[in-house]
Engineer: 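Handing you this structure, nothing more for now.
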Amino acid sequence: MKRFIFSILLAGLVVNGCSSEPETYDEIVQAGERAFVDGDYYKARGYFLTAVKTKPSDRRLLYMLGLTYSRELMWDSAAFYLGRANTLYSGDREINLALYDAAMNTMDWETARKALQVLVNTGDPLADHLPSLAELSLQLDDIPRAYNYYRQMLT
């Protein structure tokens with residue numbers, strides 16, 4: 001009987017030891033990234049939100065948190081974290097690609113236009129984005145800039 005109880009306790013310790021939650025910052029972020037890759041965005045978001053309390057300015061963490069929210073179609077939250085990342089790491093191409101998508105879905109035309117301008121500044125041909133830049137300028141009632149973009153499309 002004692003062996004049986006000891007076996008059950010030992011099995012319980014092994015199971016609890018193997019399924020423990022990540023504890024360090026790096027373990028939490030890695031667990032969040034694994035959950036993100038597996039498509040479990042709710043779980044990934046939980047890990048990332050826990051980690052952001054420790055390092056609120058970490059570029060990778062803010063970017064992944066923004067992507068997680070965008071995959072869950074929570075555009076306001078995605079725009080918040082990607083905007084925060086963009087403020088801290090301005091000119092980052094990867095962040096601005098995701099920020100453009102979030103800004104378009106939240107109808108934040110100014111942020112979308114700024115994100116496109118960063119993409120042009122980091123290597124995209126201006127001609128690829130002229131129609132979008134012109135339309136965004138119209139949304140912002142920036143007629144002179146819209147006119148300039150439309151004129152560039154004609155040449």
Side-chain angles (χ1 to χ4, degrees), residues 16-155:
N16 285 336
C18 293
S19 65
S20 67
E21 287 293 313
E23 296 177 7
T24 68
Y25 172 80
D26 289 331
E27 289 174 349
I28 292 169
V29 172
Q30 288 173 358
E33 288 174 344
R34 277 193 304 274
F36 182 87
V37 169
D38 291 342
D40 190 352
Y41 303 120
Y42 177 79
K43 192 174 192 179
R45 182 168 35 104
Y47 285 127
F48 293 144
L49 286 171
T50 300
V52 81
K53 293 174 188 173
T54 304
K55 292 188 180 178
S57 299
D58 184 281
R59 183 228 174 265
R60 176 179 69 158
L61 180 59
L62 292 172
Y63 174 71
M64 290 302 297
L65 195 48
L67 282 185
T68 301
Y69 276 115
S70 67
R71 295 284 161 75
E72 293 182 296
L73 305 179
M74 296 177 164
W75 297 111
D76 288 337
S77 297
F80 173 79
Y81 284 103
L82 292 166
R84 193 163 139 190
N86 190 46
T87 299
L88 294 169
Y89 305 95
S90 61
D92 185 292
R93 180 176 180 74
E94 191 175 33
I95 291 171
N96 279 278
L97 276 168
L99 182 58
Y100 172 73
D101 190 35
M104 290 299 289
N105 281 292
T106 58
M107 293 188 244
D108 183 351
W109 311 130
E110 183 64 32
T111 300
R113 185 170 69 175
K114 286 179 182 178
L116 278 182
Q117 289 169 340
V118 169
L119 296 179
V120 169
N121 293 342
T122 58
D124 280 9
L126 176 61
D128 291 353
H129 297 293
L130 283 174
S132 297
L133 288 167
E135 291 298 318
L136 289 168
S137 295
L138 283 178
Q139 289 290 338
L140 294 165
D141 290 328
D142 188 350
I143 305 303
R145 190 171 286 178
Y147 173 77
N148 183 32
Y149 289 134
Y150 282 123
R151 190 159 167 83
Q152 288 179 44
M153 286 175 17
L154 294 174
T155 58

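The chain is numbered in sequence order, starting from 1.
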Engineer: For Asp142 and Glu110: C-alpha separation, side-chain torsions, deciding distance, then whether side-chain contact (heavy atoms from CB on, under 4.5 Å) applies.
Structural biologist: CA-CA 10 Å; Asp142 188 350; Glu110 183 64 32; over 6 Å; no

Engineer: Measuring only between side-chain heavy atoms, which start at C-beta, is Thr122 closer than 4.5 Å to Val118?
Structural biologist: yes

Engineer: With a 3.5 Å distance limit and no angle check, can you tell me whether Thr155 reaches the backbone of Gln152 through a side-chain donor-acceptor pair?
Structural biologist: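 Pair found, side chain donor or acceptor close to backbone of Gln152.
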
Engineer: Ala85 and Ile95: which non-hydrogen atoms are nearest, and at how many Å?
Structural biologist: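 In terms of heavy atoms, the two residues are closest at CB-CD1, 3.8 Å.
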
Engineer: Would you compute the distance between atom CZ of Arg84 and atom OH of Tyr89 and round it to the nearest 0.5 angstrom?
Structural biologist: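 Going from the CZ atom of Arg84 to the OH atom of Tyr89 covers 10.0 Å.
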
Engineer: Are any of the side-chain heavy atoms of Gln117 and Val120 separated by less than 4.5 Å?
Structural biologist: no

Engineer: Go through the steps to decide whether Ser132 and Tyr100 satisfy the test side-chain contact (heavy atoms from CB on, under 4.5 Å), and finish with yes or no.
Structural biologist: CA-CA 11 Å; Ser132 297; Tyr100 172 73; 4.0 Å; yes

Engineer: Could you tell me which non-hydrogen atom of Ala98 sits nearest to which non-hydrogen atom of Leu67, and how far apart they are?
Structural biologist: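 Result for this residue pair: CB-CD2, 4.0 Å.
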
Engineer: Whether the side chain of Thr111 engages the backbone of Asp108 through a donor-acceptor N/O pair (distance < 3.5 Å, no angle test) should be reported.
Structural biologist: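 Not at all, since once roles are kept as given, no pair shorter than 3.5 Å links the two residues.
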
Engineer: Taking the side chain as everything from C-beta on, heavy atoms only, tell me whether Leu62 gets closer than 4.5 Å to Asp58.
Structural biologist: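 A side-chain contact under 4.5 Å is absent here.
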
Engineer: Please find the pair of heavy atoms, one from Phe36 and one from Ala44, that lie closest to each other, and give the distance.
Structural biologist: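 Closest heavy-atom pair between Phe36 and Ala44: N-CB, 3.7 Å.
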
Engineer: With a distance cut-off below 6.0 Å to the six-membered ring centre and an angular limit of 45° from the axis, does Arg59 pair with Tyr63 as a cation-pi contact?
Structural biologist: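 Geometry flag: set, cation within 6.0 Å and 45°.
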
Engineer: Is there a side-chain contact between Leu138 and Ile143 (heavy atoms, below 4.5 Å)?
Structural biologist: yes

Engineer: Is there side-chain contact between Ser77 and Glu72, with heavy atoms separated by less than 4.5 Å?
Structural biologist: no

Engineer: So do the side chains of Leu61 and Tyr25 get within less than 4.5 Å of each other, counting heavy atoms only?
Structural biologist: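 They are in side-chain contact.
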
Engineer: Evaluate the side-chain proximity of Leu65 to Leu49: yes if any heavy-atom separation is below 4.5 Å, no if none is.
Structural biologist: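 Yes; the side chains approach each other to less than 4.5 Å.
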
Engineer: How far apart are the closest heavy atoms of Asn105 and Asp101, and which atoms are they?
Structural biologist: ND2-O, 2.9 Å

Engineer: For salt bridge (charged side-chain N to carboxylate O under 4.0 Å, His left out), just list the numbers for Asp38 and Lys43, CA-CA rounded to whole Å, side-chain angles, deciding distance to a tenth of an Å, and then say yes or no.
Structural biologist: CA-CA 10 Å; Asp38 291 342; Lys43 192 174 192 179; over 6 Å; no

Engineer: Have a look at Leu119 and tell me which of Asp128, Leu126, Leu97 forms a side chain to side chain contact (heavy atoms under 4.5 Å, CB included) with it.
Structural biologist: Leu97

Engineer: So, taking the atom named OG in Ser70 and the one named CH2 in Trp75, what distance separates them when rounded to the nearest 0.5 Å?
Structural biologist: 5.0 Å

Engineer: Which pair of heavy atoms, one from Gly32 and one from Phe48, lies closest together, and at what distance?
Structural biologist: C-CZ, 3.4 Å

Engineer: Side chains of Glu27 and Tyr47: do they bring a donor and an acceptor to under 3.5 Å?
Structural biologist: no

Engineer: Any chance you could measure Lys55, atom NZ, to Asp26, atom CG, to the nearest 0.5 Å?
Structural biologist: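 So the NZ of Lys55 and the CG of Asp26 are separated by 6.0 Å.
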
Engineer: Measure the spacing between CD of Glu21 and OG1 of Thr50 and express it to the nearest 0.5 Å.
Structural biologist: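 Going from CD on Glu21 over to OG1 on Thr50, the span is 9.0 Å.
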
Engineer: Less than 4.5 Å apart, side chain to side chain, heavy atoms only: is that true for Tyr81 and Met64?
Structural biologist: no

Engineer: Within a reach of under 6.0 Å around CZ of Arg93, are more than 12 heavy atoms found that belong to other residues, nucleotides or ligands?
Structural biologist: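 Atom CZ in Arg93 is crowded, with more than 12 foreign heavy atoms closer than 6.0 Å.
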
Engineer: Report the C-alpha distance between Arg113 and Gln139 in whole Å, list the side-chain angles of each, state the deciding distance to 0.1 Å, and finish with yes or no for side-chain contact (heavy atoms from CB on, under 4.5 Å).
Structural biologist: CA-CA 10 Å; Arg113 185 170 69 175; Gln139 289 290 338; over 6 Å; no

Engineer: Spell out, as yes or no, whether a donor-acceptor pair under 3.5 Å connects the side chain of Arg45 to the backbone of Asp40.
Structural biologist: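 It does not hold such a pair.
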
Engineer: For Ile28 and Glu23, work out which heavy atoms get closest and say how close.
Structural biologist: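 That closest heavy-atom pairing would be CD1-O, 3.7 Å.
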
Engineer: Check the side chains of Asp92 and Asn86 for a donor-acceptor pair under 3.5 angstrom, ignoring hydrogens and angles.
Structural biologist: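 Checked: Asn86/Asp92 side chains show no N/O donor-acceptor pair below 3.5 Å.
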
Engineer: If you round to the nearest 0.5 Å, how far is CG of Leu136 from CH2 of Trp109?
Structural biologist: 7.0 Å

Engineer: Using atom types as modelled and distance alone, determine if a side-chain donor or acceptor of Glu135 lies under 3.5 Å from a backbone N or O of Pro131.
Structural biologist: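 No; zero donor-acceptor contacts below 3.5 Å.
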
